[in-house]
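Right, one structure below, let's go through it.
In this chain, residues are counted from 1 in sequence order.
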Amino acid sequence: MTTTVTERPTRHTTGRRRRTGGPGARLRTFAGPAVLLALLGLVAAALVTGAPRLTNDLADRSLHADLAPLPHQVRDLTVEVSGGADGAAPAGAAGALDRFHAALPPPLPDLVDQRWQAGTVAADGVRASGDVGPLGEGGLVQLGLRTQTGLPEATRLTAGTWPRSSPGQPVQVAVSQAVADTLALRPGVRLGLAAPGQAPAALLVTGVFQPARPADPLWAPMPQAVEPLLPVNDGDPFVAVAVTDPAGLAAAGRAGLPVTHSWRYRFDHHRVDSSTIEPVAAAVGAARRTQWLPGARVQTSLDTQLVRFGEQLTSVRNLLAVVQAGLLASLLGLILLAARVAVQARRDELTLLRSRGASLTAIGRHTLAEAALLQPAAVAAGALLALLTPGRDGGTWWVLPLIAAVTTAAVPAFAIGGQRHVAVVAGRPDLTRARPSARRLTVEVTVLLVAVLGLVLLRRRGLDPGGVDGYLAAVPVLLAVAVALLTLRALPWPLRLLDRAAARARGALLFLGVARAGRGAPVTTAPLAVLVVAVATGVFGAVVTDTVARARDAAADVSVPADAWLTGYAFTPDTTDRLADLPGVRAVAPVRIDSNRPLRSGTDPQARTLGTARIMVVDAPAFARVAAASGVDVDVPEALRAAVRGDGPVPAVVSPSVAETVTGTASADVQSRLYPFRVAGVVDVFPGVDLGTDRFVVLPWQALTEYAHTPVIPNRFLLATGDHDPAVVRSTADDGQRRWQSAVLGSDVDAPEVPAELLTRRAYRDGLDRTGANDVLTLAFTVGAVGGSALAVLAVGFAVLADSRARARMLARLRALGFSEGQGRRLLLYELVPLVGVAALVGAAVGVALPGLLGPTLGLSAFTPGVTAGWHLDPFVVGAVLGLVAVGLAVGLGVEILVNRRRRTADALRLGEENP
């Protein structure tokens, strides 16, 4: 009975001891380093899995936003074929709508959202005749015909009936209410429609309709069927489209009208994502090369748009890969530092186990059992946290086991390595200089050579267009690591020279601080190497951000060289003065820009054609005043500003391609009048001419000879504005357009044909930030700048706290010798500021130099339309990153000073078995 009573508490006590000494209990005892290591693993897992998901989501949204507003000629795939001599559809056209759909290269059939079969008589190739409305007054009317599947369902008849043409009868047509009102058409009106040199075909208006949805993609190829185009200048025609049935179009073809048959397929842009850009672009290209019918033409530019977006996305994904590689390298360094700190905190425990006979394998199992409880779970938590970010899976889950393995095995690896040689009394690393082994020097030299060689090969090879370039992502990290190793290897030498100088100075503070910094203990220099990589990553993101922003600013200055562009179709000459009188408008310059105008070798009828060009006519002195008042730094050549009206050719500024074709003088067509000019300057771009325009001619308005009955009519204005009312500006401009159009038509017009649009330079600049894959670019910049800065601050914290115990013992000894607390604080500054300051400056220098070293390999010009992305540095941004490092250093030193103040001198001297 007694034995039973005494054995129960014994067994109970033994069990409790076993539970107390298990991995969970030890993990609670050393929770601080373990939790820090777990947090680093969680962040690494979230970064690896979350960033690709967010990238895919932003890329898909940007792609959909780019594809949605594209015109049907670009976005849709249309197969066109001319009709036969009688306008009949070619052989094989029957049932082609379904057959062509099924024959589209995959994955295009699954992307088709809407499809139409149509027949067309183009308005620009025919002329209508009749005795009503403008036709009865001798006006020129171009009336096209179109039949298309789905038209009856997309309209609502307001008068008459839908066309039902019969053989031998006039072609029955229906017109929209706007066309009927403009041309004075109603059911029962008869018209004639003829191609040049052909007898007119008889038309009969049978109905008037209203489109159910005027913005429906169905109407995109025939906008003049909804709203006709009115003449703006003398001699311009009315342009409209009437709809008919298939029998009516066939009858029109038999009457000699040129008929075109088409099959149009509209793709749903929401079914295209960034992962399918390449296969969809390849399929569209294959469809363009397919011979659907003899003589058929395929109209689409969707593949070009997808390739352009894909190039931007490839560039930005590679930028993000560079940033991620830098952050992951920094995180890996911090994980190893955290593991090393955890082992140092438990050095006495591990040494005691070894002294009691524990093997290295047992030490590894001892620490691995603790790490296995927390680290894999932290990595899994990071992966689950990444699932909260929107977007498709990035396919990076395979990295998670590696992160879990590193975070779990780091502490056992350092524990085994630190216990290979056991001594009763530990050495004094603060009294010895770390001498690298030959093996370590070999590794460092190899890293340096590989980084330099990788940079050379990368610049020669360029960016891999196949996707994320792992080589590009690795080279910047290798460069940062190589520079960090080189710096930390060379830093002790100047510090030792300073140490010798400090030895001859009065006082011991500077000497002691610089001496400890110059010895470069590995526990201190390792965080500094991580600091170099982290700062380089953050500054790299900031420099690239500023580079792209500056290039876009330049693009905005060239595209909108004033506070605002005011555009329209044609304005009365007095609109310039009316705009100048508006409140908030400081200066106005009239401009006329026409595209694809002919250039001729002279003004005589026998002059030869020199091709076409974009012609810009601008009042150069007014242009210079507007640009100056707007604060835009653009160059208006002196040759244009000084030009005056005379008898000879006017000076002109031309593009290089025009200069190659013009020898001496030439003439440009402005409003169907030839103006002779001579080349006074050659420039690649000119402010106000769209970027990417290869052929252009800029003429000085003030030097052109104008006549009262044929003045040069402005269609744009450059405005220097302040606190203006955009609605009033547009209203004044529309009034000028309305008065001009009324003068041309000889009757009042209620509204201009093309309403005026006001585009400010700020709005254009903001638009550049919303195009293409810019959201992904912004993500890369944000992750790089914020993540790099945060990790840099954390690395500074490790640099401060990594050797805090040794510094505490040193301060305790010095206080015993009479040092004050203020002297102790200065000693910490003398030791850490040189190391952290040099590492931060070197990291900043690497981050600043990386965009220039990598050069065009980064592909930044894909985000700066028409402007080459150079290299720009904002000192404020770099200063902000260095400021964060300084703040981190100050906080770390403050924490250590506070801890040392609360620690008693006797307790500090008892810490560590190395104290005699």
Any Lys/Arg nitrogen of [X] or [Y] sitting under 4.0 Å from an Asp/Glu carboxylate oxygen of the other?
| X | Y | answer |
| --- | --- | --- |
| Asp735 | Arg739 | yes |
| Asp557 | Arg761 | yes |
| Asp563 | Arg762 | no |

Quick check against the 3.5 Å criterion: does [X] have a side-chain atom that pairs as donor or acceptor with the backbone of [Y]?
| X | Y | result |
| --- | --- | --- |
| Arg597 | Thr612 | no |
| Ser630 | Ala562 | no |
| Glu80 | Arg297 | no |

Checklist line | For Phe540, all residues meeting ring pair (Phe, Tyr, Trp, His ring centres under 6.0 Å), sequence neighbours excluded | finding: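 So Phe540 forms no ring pair (Phe, Tyr, Trp, His ring centres under 6.0 Å) with any residue.
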Notebook entry, point to check: For Phe623, what residues pass the ring pair (Phe, Tyr, Trp, His ring centres under 6.0 Å) criterion, not counting sequence neighbours?
Noted result: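 Per chain and number, Phe623 pairs via ring pair (Phe, Tyr, Trp, His ring centres under 6.0 Å) with no residue.
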Side-chain donor-acceptor pair present, [X], [Y], cut-off under 3.5 Å:
| X | Y | answer |
| --- | --- | --- |
| Thr304 | Ser301 | no |
| Asp76 | Thr78 | no |
| Asn596 | Arg695 | no |

Check whether more than 12 heavy atoms from other residues, nucleotides or ligands sit under 6.0 Å from atom [atom1] of [X], and answer yes or no.
| X | atom1 | result |
| --- | --- | --- |
| Gln114 | CD | yes |
| Asp113 | CG | yes |
| Asp581 | CG | yes |

Notebook entry, point to check: Can you check side-chain hydrogen bond (donor to acceptor under 3.5 Å, both in side chains) on Arg317 and Asn56, steps first, answer last?
Noted result: CA-CA 10 Å; Arg317 278 179 168 165; Asn56 290 334; 2.9 Å; yes
Next item on the list: Please lay out, stage by stage, how Arg641 and Glu638 fare under the test salt bridge (charged side-chain N to carboxylate O under 4.0 Å, His left out).
Entry: CA-CA 5 Å; Arg641 288 186 282 113; Glu638 176 64 23; 2.9 Å; yes
Note to self: Check for me whether Arg716 meets the cation-pi criterion with Trp565, that is, NZ or CZ under 6.0 Å from the six-membered ring centre and within 45 degrees of the ring axis.
What the structure shows: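 Yes, Arg716 sits over the ring of Trp565.
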So which heavy atom on [X] is nearest to which on [Y], and how close?
| X | Y | answer |
| --- | --- | --- |
| Ser275 | Pro279 | O-CD, 4.3 Å |
| Thr575 | Thr732 | CG2-O, 4.4 Å |
| Gln324 | Leu47 | NE2-O, 3.4 Å |
| Trp740 | Ala570 | CD1-CB, 3.6 Å |
| Ala756 | Leu566 | CB-CD1, 4.2 Å |

Residues 388-396, side-chain donor-acceptor partners within the protein, below 3.5 Å, at least two apart:
{"residue": "Thr389", "atom": "OG1", "partner": "Ala386", "partner atom": "O", "Å": "2.5"}
{"residue": "Arg392", "atom": "NE", "partner": "Asp60", "partner atom": "OD2", "Å": "3.1"}
{"residue": "Arg392", "atom": "NH2", "partner": "Asp60", "partner atom": "OD1", "Å": "3.3"}
{"residue": "Arg392", "atom": "NH2", "partner": "Ser274", "partner atom": "OG", "Å": "2.7"}
{"residue": "Asp393", "atom": "OD1", "partner": "Gly395", "partner atom": "N", "Å": "3.3"}
{"residue": "Asp393", "atom": "OD1", "partner": "Trp397", "partner atom": "NE1", "Å": "2.6"}
{"residue": "Asp393", "atom": "OD2", "partner": "Trp397", "partner atom": "NE1", "Å": "3.2"}
{"residue": "Thr396", "atom": "OG1", "partner": "Val48", "partner atom": "O", "Å": "2.8"}

Checklist line | Partner of Phe717 under side-chain contact (heavy atoms from CB on, under 4.5 Å), chosen from Thr567, Val729, Thr576 | finding: Thr576
Check: Between atom NE2 of His269 and atom CG of Leu302, what is the distance when rounded to the nearest 0.5 Å?
Finding: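 Separation between the atoms: 11.5 Å.
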Do the non-hydrogen side-chain atoms of [X] and [Y] ever get within less than 4.5 Å of each other?
| X | Y | value |
| --- | --- | --- |
| Phe267 | Val272 | no |
| Phe686 | Val653 | yes |
| Arg578 | Asp574 | yes |

